Amino acid sequence: MSSAPFSKLLVANRGEIAVRIMRACRELDIRSVALYSDVDRNALHVRHADEAYPCGPAPARESYLNIDRILEVAKECGAAAIHPGYGFLAENAEFAERCAKAGVIFVGPKPDTIQSMGDKVIARQMMAKANVPIVPGTTEKLSDDEAIKFAKEIGFPVMVKATAGGGGKGMRLVRAESELEQSIKRARSEAKASFGDDAIYVEKFVEEPRHIEIQILGDQHGNAIHLFERECSIQRRHQKVIEEAPANRMTPELRAKMGDAAVAAAKAVGYEGAGTCEFLVDKHNDFYFLEMNTRVQVEHPVTEMITNVDIVKTGIRIAAGEEIGFGQDDVSISGWAIEARIYAEDPEHNFRPSPGEVSVYRPPGGPGVRNDSGVYPGAEVTVFYDPMISKLVCWGRDRPEAIGRMKRALHEFVVKGIKTSIPFHRVVMNHPKFLEGKYDTGFIEQEILGSKDVPLLNDKDELKVGVMLAAIATYRRDTARASRGSSNTSGEQSRWKTVGRARQMRGGSL
Amino acid sequence: MSSAPFSKLLVANRGEIAVRIMRACRELDIRSVALYSDVDRNALHVRHADEAYPCGPAPARESYLNIDRILEVAKECGAAAIHPGYGFLAENAEFAERCAKAGVIFVGPKPDTIQSMGDKVIARQMMAKANVPIVPGTTEKLSDDEAIKFAKEIGFPVMVKATAGGGGKGMRLVRAESELEQSIKRARSEAKASFGDDAIYVEKFVEEPRHIEIQILGDQHGNAIHLFERECSIQRRHQKVIEEAPANRMTPELRAKMGDAAVAAAKAVGYEGAGTCEFLVDKHNDFYFLEMNTRVQVEHPVTEMITNVDIVKTGIRIAAGEEIGFGQDDVSISGWAIEARIYAEDPEHNFRPSPGEVSVYRPPGGPGVRNDSGVYPGAEVTVFYDPMISKLVCWGRDRPEAIGRMKRALHEFVVKGIKTSIPFHRVVMNHPKFLEGKYDTGFIEQEILGSKDVPLLNDKDELKVGVMLAAIATYRRDTARASRGSSNTSGEQSRWKTVGRARQMRGGSL
Amino acid sequence: MRYEVTHGKDVFSVDVHDVGGGIYDVTVDEETPVRIDAAKSPRTVYSLLIDSKQFEGSVDERDDGRLDVHVGSSAFDFEVIDERRKALLSAATTVVQGKQDILAQMPGKIVKVLVEVGQEVSADEGVIVMEAMKMENEIKSPIDGVVTEVSVAEGDAVETDAKLLVIDPPFNQRPFGPS
Amino acid sequence: MRYEVTHGKDVFSVDVHDVGGGIYDVTVDEETPVRIDAAKSPRTVYSLLIDSKQFEGSVDERDDGRLDVHVGSSAFDFEVIDERRKALLSAATTVVQGKQDILAQMPGKIVKVLVEVGQEVSADEGVIVMEAMKMENEIKSPIDGVVTEVSVAEGDAVETDAKLLVIDPPFNQRPFGPS
């Protein structure tokens, strides 16, 4: 093991990813520095840090996005590097540049990599140039004739989309040439009505799309490798909910082709650090570049578990100028890993947020279970930030064992005081299509959310137990209240009770 | 994945190993049944079970060792099998036989395997017959002449031991032939004085002994394989404290020889299930059979982490009559794992037991960390049973990474209400000889316990912080007491406070 | 103690008999009583043993007084009301027209009178806090109206059916016109 | 508030000034005050920020009143006594011979008189409980002896130096023989 790459690193983030980065720091003998907003003094990431500095009021824009304040802290504490985690400033090219100007190492790719990969049009052009497959289509507006000609060229089905579009407006799926003219007309009029602009373009429609991404690593010495794929098709409102590695229905050929494409993409932009190439894979196993995430990914642990590579530590070493340290041939896939994102939200009531104090917290343990948590017993979940409180990751020799462990771990996981998505994950882990591994990005909408609220696995036995427990708990509460209420009859008695209480303090925690 | 090997399994144990077995059951879709003594109703293993039955008063002899009661529960609940874990009835041949007679599968080897391996003389004879190296020596008493002749045969150094011996009495290390006669005389007179019997025997002295054991698996179909070695030389009073896999200073040749010997031992006794061959390895890398443990071992997780084999699940499948399911060539070593046993004891005060309520419990998480715990926040550690509350196991690509993770995990681990051996493990993880991997079974006595109490890593900065914290905590306690004391001035006020308290109950946990 | 537990449209009548030591005999809808060993420390959730089957469960009271109950993989939303409280509140649910005599449903002590004669009150507004069987219960007005009589004072002990106060409906809702 | 913290043979004089909001200015042995942000919820241990350095720490009071303190990797065993209490107890530690006038060391209120005239007491036995600055303190007899005078009653307010009670040494230890 080499010596610590830096002496001190500032983590410009909060929650589980800040804890994850601080864990890497401690293993690397780097002092870690936390930032905390006004509502985060008691947050877990502060307790994992060696140093901590306030960074502003609760709203992220005034604290975790406050570049001036963050660089001020970096200077004050003498941090050699800043790790942005994901979200917040992680893909902000200006921040990366400001770090460079301030003489602080930004743990991530060069500012211009962030910049160009953050612009969908430029990213698309660069990838096309590097022979990375992209969804065939234009991004510029087309006349009716041009659109028809282009659609025939790329083949049906196609999507007709408004250039000013969004939220499904001015979007038309066209399955055959015969429908095309009519669809263009409708898309134009919808687009006109919605955006005041009837410009449209045409794109290949990806059938039964699966979201599969490739983890990449690049260093300052021109090395670039990939760490295989993750499947992230279990999404709700384009938010990933469950991820696995490797992907279902993957073939060695497709894996090799996608890996090569991702490494080509990394080399095309001179990628430094840990990043991800996101692809759509259709039902014919054709794949198309979606975007490049120029940061560590929420779901990086599933890759860590099947490759035994510590992605966060490697990213920090790379930022310090070290080489990746191993080659493509040194990594292989071992077993299967699944991640369930645990959110502080109520799946029974349309996933509404559920802030509050975590009163009881008993994370699962035992073989093959990893828990990357952002909370602890007594922590407060606020409404200001992402509601993800934990990532539960399970590994098995094969997918059935990984699923068995995930079911077991979800059963063990006790969180009280707030509602969580744990019951929702139980539903997915028992769903036949999930068990078969045959799902695409429409899984949650089509298979789980047929009704507005999630049908949890409530069974009759547990209902009866619940009814009895509710009555017992009410009885106990009322009895406890009554005995408290009846004890305040005289000042004398109260005084002695107080003395008694003071005595009980002995042997307790202060 | 095959279907559940049984429908229901009774776990005749408590604490972390009961939880471990129940986790395996849940992953295998087996209903698990817990036993609990009078003081264990709130123990963690009960909360992991599908069913639970009382088994008697707190003393183990009346509960967890109460064979009649245990078989009665097995019958009552309809368990197809009983898993004994380790300790308690795990190596009790009578219990295994009683299970067989009651028509319940005992998860472990056949009764006569337990019987013969439980008798040191018989075990030694059987191993010698199977060409497993044993410590050269006799177990029968020798005349002076016989002793001298035998000592010359096996070569010096040798140990002269009292046949009735124990606790070091009547034991003499002899480094050269010239010292032998005198030593025999002394040993005899000591033995006579201590045990009233001056019979002695002679044994080869194992120099700088390391305790290295081989995990074995055997099934009812005659298959037997090993899962490589564990090094368990970090011991205090012959109790293992820290274990690692693989072993330090191991060579591929020695590993192959020891593995072969262990498999030969397993085959010699027709071993069924998961077991362990314990060896002593001397400074010349010669190894000698010590004993066979006919049960799952406390330290099995380090092997699980480097081989990716779930030993407990495999043991259950084997008991159901399944084959091991993979061969010697299918297993290999990946990375390095270290286990630290966390005891409820006070390392600063000669490791005295520290029972009590676990008031705060925040186990470590993140990459490469596994925690097999027997407690949870609010659990009570009693004086009746083994004080081990948790096994912290860390994995790394190599030993330095595993140690780095262990140090990080120990730093994260918060347990309050009771004292634990966590600070002791921190001392070991920072010890130069441990970091080098150059230690033998004398490590703790010679390197750590030079003084009676453990010199913890107390540093000056932390002392000053502690002094200030002690004053702040006292101030806060006194202020809180004072404000409670002054509020009981009138019945009227108290009444309204009570109403207020009742209102505050709203939104709380019952 | 008897409770009414409501789950969606289902109402269960549950009788809890405290055997002591955290053990309860519980009867649901007059079926055979079930013995439940309910273990809980303040720092954790319940462990229930019912006929030797083990369930972990938790009960959280929401701000609206309803209960969030988790058992195993299931989550439920219950309303629980005890029969004493139900009796105390029954005036509000059974008689809803005309002049209202608010009577004590069981013996108890008046903790607080929340209204005075002449005061306008809304339906469901608290009018009296009464302590009965060691529990405080807020008695609510069954109707919109005006308090026309207060028959008790704070600290009074009252018997079953003692008149506590009288609420008249508003002028335009009185059945026989102005009185 | 000033405390004396004893660790082995070392004694630290620690002054805690409550700034509010969990912030304290703490002075050890008259050095420059240090500002400490001490965050703690009932369910967890302290997080201390001292000059931006973060320490997790815990304090547990043992049955004998001493404190087990953990900070980072270190564990300490402290005795903490506040200067008020020290003053109240000072009679027991400074004057140990002859007739003892037990005086109030500061203004306060007598909560309880634990002895009566004629009663024999042992050294360190509690004789009076006095409340001062909102804290109850048990005043102990400095010697083995007999209570010869009780000058206050429960509920009395007393000023500094007010005589509380008198304890005479046992007959055979009186300096000038029987009185």
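In this text the structure is predicted, and so the values were computed from the model without any measurement.
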Q: Tell me, out of C:Ile50, C:Asp18, C:Val28, who's got the most heavy-atom pairs with chain A below 4.5 Å.
A: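 Top count of heavy-atom pairs under 4.5 Å with chain A: C:Asp18.
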
[X] atom [atom1]: more than 12 heavy-atom contacts under 6.0 Å:
X        : atom1 : answer
C:Glu31  : CD    : yes
C:Glu120 : CD    : no
C:Glu159 : CD    : no

In Å, rounded to the nearest 0.5 Å, how long is the span from [atom1] of [X] to [atom2] of [Y]?
X        : Y        : atom1 : atom2 : answer
A:Ile418 : C:Asp68  : CD1   : CG    : 12.5 Å
C:Met1   : A:Thr474 : CE    : OG1   : 10.5 Å
A:Glu462 : C:His70  : CD    : NE2   : 11.0 Å
C:Asp77  : A:His349 : CG    : NE2   : 6.0 Å
A:Leu469 : C:Tyr46  : CG    : OH    : 6.0 Å
C:Ser74  : A:Lys464 : OG    : NZ    : 15.0 Å

**Q.** Heavy-atom check, side chain of A:Arg362 versus side chain of C:Glu56, under 4.5 Å
**A.**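 A:Arg362 reaches C:Glu56 side chain to side chain.
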
Q. Side chains of A:Val360 and C:Arg43: does their closest heavy-atom pair fall under 4.5 Å?
A.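 Counting from C-beta outward, A:Val360 and C:Arg43 never come under 4.5 Å.
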
Q) Who are the side chain to side chain contact (heavy atoms under 4.5 Å, CB included) partners of A:Val39, not counting sequence neighbours? A)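 In terms of side chain to side chain contact (heavy atoms under 4.5 Å, CB included), with neighbours along the sequence ignored, A:Val39 is linked to A:Ser37, A:Ala58, A:Thr382, A:Phe384, A:Tyr385.
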
Q.
Test of understanding: with side chain to side chain contact (heavy atoms under 4.5 Å, CB included), list the residues that count as partners of C:Thr32, not counting sequence neighbours.
A.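 By the side chain to side chain contact (heavy atoms under 4.5 Å, CB included) rule, C:Thr32 matches no residue at all.
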
Give the minimum heavy-atom separation between [X] and [Y], together with the two atoms involved.
X        : Y        : answer
C:Val71  : A:Gly466 : CG2-CA, 3.7 Å
A:Ala471 : C:Val14  : CB-CG1, 3.5 Å
A:Ala470 : C:Phe78  : CB-CD1, 3.7 Å
C:Gly72  : A:Arg426 : O-NH1, 3.5 Å

Q: Could you verify whether a donor N or O on one side chain and an acceptor N or O on the other, from A:Tyr475 and C:Arg2, lie under 3.5 Å apart?
A: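 Distance-only check fails for A:Tyr475 and C:Arg2.
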
Q. Is it the backbone or the side chain of A:Val414 that comes under 4.5 Å from a heavy atom of chain C, or both, or neither?
A.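 For A:Val414, side-chain heavy atoms alone lie under 4.5 Å from chain C.
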
Q: Examine whether an atom of A:Leu410 lies under 4.5 Å from a heavy atom of chain C, and if so say whether it belongs to the side chain, the backbone or both; otherwise answer neither.
A: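 Contact with chain C involves no heavy atom of A:Leu410 at all.
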
Q.
Out of A:Arg476, A:Lys419, A:Met468, A:His411, return the one with the most heavy atom pairs under 4.5 angstrom to chain C.
A.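 Option with the top pair count is A:Arg476.
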
Q) Checking heavy atoms, do the side chain of C:Glu79, its backbone, both or neither come under 4.5 Å from chain A? A)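 Contact with chain A is absent: no heavy atom of C:Glu79 under 4.5 Å.
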
Q: Below 4.5 Å from any heavy atom of chain A, which atoms of C:Val5 appear? Answer side chain, backbone, both or neither.
A: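 Side chain only.
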
Q | Check against side-chain contact (heavy atoms from CB on, under 4.5 Å), A:Asp478 and C:Tyr3 | A | CA-CA 12 Å; A:Asp478 292 347; C:Tyr3 297 92; 4.0 Å; yes

